[in-house]
There are 2 protein chains.
Amino acid sequence: MASAPRKSKRNEIVLCFTELVAERGYDEVSVRDVAEALAISKGTVLHHFGSKEAILEQINNDYMRRRLAEARDYLPALDDPVDELQAFICQLMLSQQDDRAATVAFSREIVRSASEPLMAEVRQLRDEFSAVLVGILERGVKSGAFADVDPRLTSLQIFGMTNWAWTWFKPGGRRSAEEIANQFSRTVIGGLAPGATREGAEAERLATMVGAAMRAHRPGDI
Amino acid sequence: MASAPRKSKRNEIVLCFTELVAERGYDEVSVRDVAEALAISKGTVLHHFGSKEAILEQINNDYMRRRLAEARDYLPALDDPVDELQAFICQLMLSQQDDRAATVAFSREIVRSASEPLMAEVRQLRDEFSAVLVGILERGVKSGAFADVDPRLTSLQIFGMTNWAWTWFKPGGRRSAEEIANQFSRTVIGGLAPGATREGAEAERLATMVGAAMRAHRPGDI
DNA sequence: ATAGACTAACCGTCCGGACGGTCAGTTTGG
DNA sequence: CCAAACTGACCGTCCGGACGGTTAGTCTAT
């Protein structure tokens with residue numbers, strides 16, 4: 001046959017591995033599985049990448065590069081931090097829908113990219129992408145569009161609510177990614193609006209109550 | 001010696017396995033690792049639990065039972081949905097700090113409890129706990145304390161921002177869990193306050209821009 | 001009181017199987 | 001003709017689990 005390989009074999013391997021990792025997780029996918037799914041030999045897969053981990057590295061690098069490229073496409077056309085934030089949240093949710101496999105694979109194996117020495121480039125890209133959101137928040141705080149919150153902590157809050165979506169979001173379900181993004185944006189943007197904060201004393205009282213409840217049910221007590 | 005075994009061996013196994021799974025993940029921890037850490041034999045571990053998966057099930061069940069017991073402790077003393085919500089967010093963050101190992105183990109292996117047939121009880125407990133938050137939000141919406149949002153979707157937003165914290169929160173770091181909970185609460189409660197929503201047309205314009213940027217960087221294009 | 005019966009905890013060994021990775025050799029395309 | 005692509009057999013390792021045997025403690029019948 002040898003008919004036109006529309007994509008390079010290397011790329012086919014990445015795409016296939018991405019889907020399998022998204023389904024089952026890195027540890028539950030063997031190099032053999034990838035080879036069988038593509039009807040090639042295990043040796044071929046290891047020929048293109050030196051190791052199993054190198055394929056995951058490629059997945060993560062590709063994923064972060066796409067997100068960064070997208071952000072650099074749409075952000076320059078915006079100037080209002082509020083618009084920028086809404087677009088950013090929209091991007092995060094759309095990737096859950098339109099780049100599903102890579103998003104799930106990246107999210108569920110995020111701890112591997114956070115520690116493995118081989119994954120230094122991914123960490124660098126993650127830092128850059130994270131800095132985009134922090135930058136939006138910083139400018140919003142400075143301009144007075146947002147309340148005086150900690151931009152770094154708020155960015156973790158926003159990444160959290162969207163990244164966690166890999167555990168429950170189903171593309172093609174009742175709600176589209178765009179609808180979810182709009183609901184999330186509404187809450188976040190409303191919450192960042194300058195305005196009254198609740199009293200600290202009330203927060204402390206509640207925290208004390210919750211802390212007491214937790215001390216009553218320690219792990220290990222059975 | 002044979003001096004008083006303060007905790008049953010079964011419980012020791014659960015606690016040890018919890019810590020190892022929190023550190024490395026379920027697949028990267030072997031029954032042998034647990035046995036060696038406790039200086040007992042592998043056979044003993046398998047004698048107490050029938051299988052490796054059964055230990056994870058115990059971890060997950062214990063974890064969810066603690067969270068439910070806590071919520072049922074502190075909630076009856078509150079009546080304002082805003083207070084309840086703040087306390088709930090505080091509980092979620094405090095568990096990241098004070099029940100760290102179990103929280104991390106539970107979060108990082110959540111997909112396993114979501115699908116495995118053996119984990120039906122965990123799913124049941126999860127649904128109950130989730131219903132607690134949805135209930136708070138529903139009552140808040142009904143009473144007018146919160147804007148007319150979808151309680152289910154909002155609960156996923158809140159669980160997301162706190163559950164994701166397992167990937168970045170470090171107990172003993174610059175910020176305590178309570179401080180983080182307060183910041184998160186401020187944003188969420190402010191965002192749920194009844195008030196003006198942004199125009200839908202603006203949201204649609206932004207989504208279109210982001211969508212275009214995403215289409216320009218498809219996965220597989222390299 | 002105590003011999004014998006019974007039980008639960010525990011140990012050490014073994015096994016089939018799957019894993020990631022290596023390599024010598026073959027095929028193929030330019 | 002040669003480099004790159006590819007193959008399939010193979011290695012050493014480790015895993016979850018099964019199993020038979022040992023010990024220590026408790027119960028029971030006389």
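A quick note: this is a predicted structure, and the numbers were derived from the prediction, not measured. Hydrogens, waters and symmetry mates are skipped; everything else that's a heavy atom, side chains included, is used.
Looking at B:Glu28 and A:Arg112, a side-chain N of the basic residue comes within less than 4.0 Å of a carboxylate O on the acidic one, giving a salt bridge.
Sorted by residue number, the members of residues 51-60 of chain A with any non-hydrogen atom under 4.0 Å from DNA chain C read A:Ser51, A:Lys52.
The distance from atom CZ of A:Arg32 to atom P of D:dG8 is 12 Å, rounded to the nearest whole Å. Computed from coordinates, the B:Lys9 NZ to D:dA24 P distance equals 15 Å when rounded to whole Å. With rounding to whole Å, A:His48 atom NE2 is found 14 Å from D:dA3 atom C1'. Atom CD1 in A:Ile13 sits roughly 11 Å away from atom P in D:dA5 (whole-Å rounding). Following rounding to the nearest Å, A:Tyr26 (OH) and C:dG20 (C1') show an atom-to-atom distance of 9 Å. One atom, NE2 of A:His47, and another, P of C:dA24, lie 16 Å apart when rounded to the nearest Å. A:Leu20 has its CG atom 16 Å from the C1' atom of C:dG20, to the nearest Å. In this structure, CD of A:Glu36 is placed 13 Å from P of D:dT7, rounded to the nearest angstrom.
Cation-pi geometry between A:Lys52 and A:Tyr26 is satisfied (NZ or CZ under 6.0 Å from the ring centre, within 45° of the ring normal).
With A:Phe129 as the partner, the ring-ring contact (aromatic ring centres under 6.0 Å, His included) test is satisfied by one option alone out of A:Phe88, A:Phe106, A:Tyr63: A:Phe88. Of the listed residues (A:Asp62, A:Asp73, A:Asp99, A:Asp98), just one forms a salt bridge (charged side-chain N to carboxylate O under 4.0 Å, His left out) with A:Arg67, and that residue is A:Asp99.
Contact check for A:Val111 versus A:Ser115: no side-chain heavy atoms found under the 4.5 Å cut-off.
The bend of the helix from C:dA1-D:dT30 to C:dG30-D:dC1, defined by the angle between the axes of its first five and last five pairs, stands at 10° to the nearest 10°.
Within 4.0 Å of A:Ser30, counting heavy atoms only, lie sugar-phosphate atoms of the nucleic acid but no base atom. Across all strands, A:Val45 comes closer than 4.0 Å to no nucleic acid atom at all (heavy-atom distances). Counting any heavy atom pair closer than 4.0 Å across all strands shown, B:Val34 reaches no nucleic acid atom.
Using modelled atom types, no side-chain atom of A:Glu84 and backbone atom of A:Ile136 make a donor-acceptor pair closer than 3.5 Å. Here the side chain of B:Arg10 pairs a donor or acceptor atom with the backbone of B:His48 at under 3.5 angstrom.
Between the side chain of B:Lys42 and the base of C:dG12, no donor-acceptor pair of N or O atoms lies under 3.5 Å.
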